[in-house]
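A short worksheet on the structure shown next.
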Amino acid sequence: MKKQVEHLTQWLQNQVKEAGVNGLLVGISGGIDSAVVAHLIKRAFPDDSLGVIMPCKSHSDDQKAAEKVVESSGIKSMTIDLTETHEVLFSTVQSQLNEANEWNEAQDRLADANLRARLRMSTLYTLATNYGYLVTGTDNAAEWYTGYFTKFGDGGVDLVPLLHFTKGEVRELAKELGVPDEIIHKAPSAGLWEGQTDENEMGTTYAKIDQYIQGEPVPEQDRNTIENMHKRTAHKRELPKSPPKF
């Protein structure tokens, strides 16, 4: 993992050089993936890296965890609370749909959660423009394969350094980088609603997904779940479709 850290640090430096920009930033959620990326970009650019904490109807424990990541990595940080912004935009859209009698209450929770992810993406790019930075994503191999990310939300980034690392390998990277143990062992959650965890929502575990993408056997039910997620989310891993040139 020491060699992997060196490789990733060099890769990040090369991407910034090739793009002709100044540095890197990442949204810090308090989870292990963003913690690893925060540590990596701080190593790559000690004076030109930024960790952004963006609470949005978030649990206070998530912000405390994010602050511990900032402390452990030593990265420069900024906190931008998006709760009010989200409430204004979401209620405006909802009221217009209600007026048209077309509000789909069954999709309320998902629409709410996805808007939060996309507001965070917009915030990161606004900051990136200000500093001349690239936006660094946090998706790992398991999340990428299953499409467990918001299209144009946390999936809307410039760089994805963890894309080839399983969740287990991300934990090993975290140990090598000095991420606090409580972050490493925290139950993975996007913090979308009270009590939400990634694995409950996916219907399988990261360990099973890791095994599957590494070609190891997994129980049939887990295999079906993983393959269905991969197929259903194919559009997230592709560029926008266009018709053949006329």
Side-chain angles (χ1 to χ4, degrees), residues 8 11-12 15-16 19 21 24-38 40-41 50-58 62 66 69 80 82 85-86 89-90 107 109-129 133-167 169-170 173 188-193 196-204 206 209-210 212-213 225-242:
L8 288 170
W11 182 81
L12 290 167
Q15 299 310 303
V16 166
V21 294
L24 301 167
L25 59 74
V26 65
I28 301 179
S29 66
I32 187 171
D33 301 299
S34 65
V36 166
V37 172
L40 284 171
I41 69 172
L50 178 68
V52 189
I53 303 173
M54 295 170 286
C56 187
K57 298 167 63 174
S58 306
D62 292 335
V69 171
I80 300 178
L82 298 173
T85 303
H86 175 274
L89 181 52
F90 194 70
Q107 294 295 325
R109 190 162 71 169
L110 181 61
D112 176 292
N114 282 340
L115 179 59
R116 276 182 267 167
R118 288 167 180 145
L119 282 174
R120 288 176 173 132
M121 178 275 290
S122 297
T123 302
L124 291 176
Y125 271 99
T126 302
L127 290 169
T129 301
Y133 288 177
L134 294 177
V135 177
T136 316
T138 63
D139 290 322
N140 57 55
E143 291 166 337
W144 183 257
Y145 189 85
T146 58
Y148 192 71
F149 57 89
T150 298
K151 191 174 185 178
F152 305 125
D154 50 322
V157 295
D158 296 312
L159 306 175
V160 277
L162 303 183
L163 199 66
H164 301 301
F165 291 83
T166 65
K167 193 72 169 182
E169 289 169 337
V170 171
L173 278 174
S189 171
L192 301 178
W193 49 80
Q196 185 264 346
T197 67
D198 294 356
E199 295 183 338
N200 284 344
E201 192 179 359
M202 290 189 293
T204 187
Y206 277 112
I209 300 170
D210 286 355
Y212 178 88
I213 61 181
T225 297
I226 294 164
E227 289 176 352
N228 287 336
M229 289 179 71
H230 180 71
K231 184 177 180 180
R232 191 173 65 248
T233 61
H235 65 97
K236 294 186 180 185
R237 294 178 291 272
E238 299 172 351
L239 291 172
K241 292 185 181 295
S242 61

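Here, residue 1 is the first one in the sequence, and each next residue gets the next number.
- Side-chain N or O atoms of Asp210 include one that pairs as donor or acceptor with a backbone N or O of Lys167 at under 3.5 Å.
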Quiz item: Are Val160 and Phe149 close enough, and set up right, to give a side-chain contact (heavy atoms from CB on, under 4.5 Å), and what steps lead you there?
Solution: CA-CA 13 Å; Val160 277; Phe149 57 89; over 6 Å; no
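- Looking only at side-chain heavy atoms (C-beta outward), Leu40 and Val26 stay at 4.5 Å or farther from each other.
- Contacts of His164 classified as side-chain hydrogen bond (donor to acceptor under 3.5 Å, both in side chains), with partners at least two apart in sequence or in another chain: none.
- Between Ala38 and Ile28 the shortest heavy-atom distance is CB-CD1, 3.9 Å.
- By the 4.5 Å heavy-atom criterion applied to side chains, Met229 and Ile209 are not counted as neighbours.
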Quiz item: Under the side-chain contact (heavy atoms from CB on, under 4.5 Å) criterion, do Trp11 and Leu159 qualify, and how do the steps go?
Solution: CA-CA 10 Å; Trp11 182 81; Leu159 306 175; 4.0 Å; yes
Exercise. Would you check, one step at a time, whether the test side-chain contact (heavy atoms from CB on, under 4.5 Å) holds for Thr150 with Arg116?
Key: CA-CA 10 Å; Thr150 298; Arg116 276 182 267 167; over 6 Å; no
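- In terms of heavy-atom proximity, Arg120 sits nearest to Ser58 at NH2-OG, 3.3 Å.
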Quiz item: Would Tyr125 and Asp158 satisfy side-chain hydrogen bond (donor to acceptor under 3.5 Å, both in side chains), going step by step from the backbone distance to the final call?
Solution: CA-CA 10 Å; Tyr125 271 99; Asp158 296 312; 3.0 Å; yes
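- Nearest heavy atoms, Thr166 versus Ala141: N-CB, 4.1 Å.
- Here the OG1-CG distance, from Thr129 to Leu124, works out to 11.0 Å after rounding to the nearest 0.5 Å.
- Atom CG in Leu82 sits 9.5 Å away from atom NE2 in His86 (nearest 0.5 Å).
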Practice problem: Might you work through the side-chain contact (heavy atoms from CB on, under 4.5 Å) test for Leu24 and Gln15, ending with a clear yes or no? | Solution: CA-CA 10 Å; Leu24 301 167; Gln15 299 310 303; 6.0 Å; no
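- Across all their heavy atoms, Tyr148 and Met202 have their closest contact at CD1-CG, 3.6 Å.
- From Thr85, atom OG1 reaches atom CE of Met54 across 12.0 Å, with rounding to the nearest 0.5 Å.
- Remark: Tyr212 pairs with Tyr145 by the ring pair (Phe, Tyr, Trp, His ring centres under 6.0 Å) rule, at least two apart or across chains.
- Shortest non-hydrogen contact noted between Leu50 and Ile41 is O-CD1, 3.9 Å.
- A distance of 11.5 Å separates CZ in Arg118 from CG in Leu89, rounded to the nearest 0.5 Å.
- Two residues are said to be in side-chain contact when any heavy atoms from C-beta on lie closer than 4.5 Å; Tyr133 and Leu127 fail this criterion.
- Rounding to the nearest 0.5 Å places SG of Cys56 at 12.0 Å from CG of Asp62.
- Residues satisfying the side-chain hydrogen bond (donor to acceptor under 3.5 Å, both in side chains) test with Thr138, not counting sequence neighbours, are none.
- With values rounded to the nearest 0.5 angstrom, Arg237 atom CZ is found 10.5 Å from Lys151 atom NZ.
- Minimum interatomic distance between Thr233 and Thr146 (heavy atoms only, all atoms of both residues): OG1-O, 3.2 Å.
- In terms of modelled atom types and a separation under 3.5 Å, the side chain of Lys236 and the main chain of Gly147 share a donor-acceptor contact.
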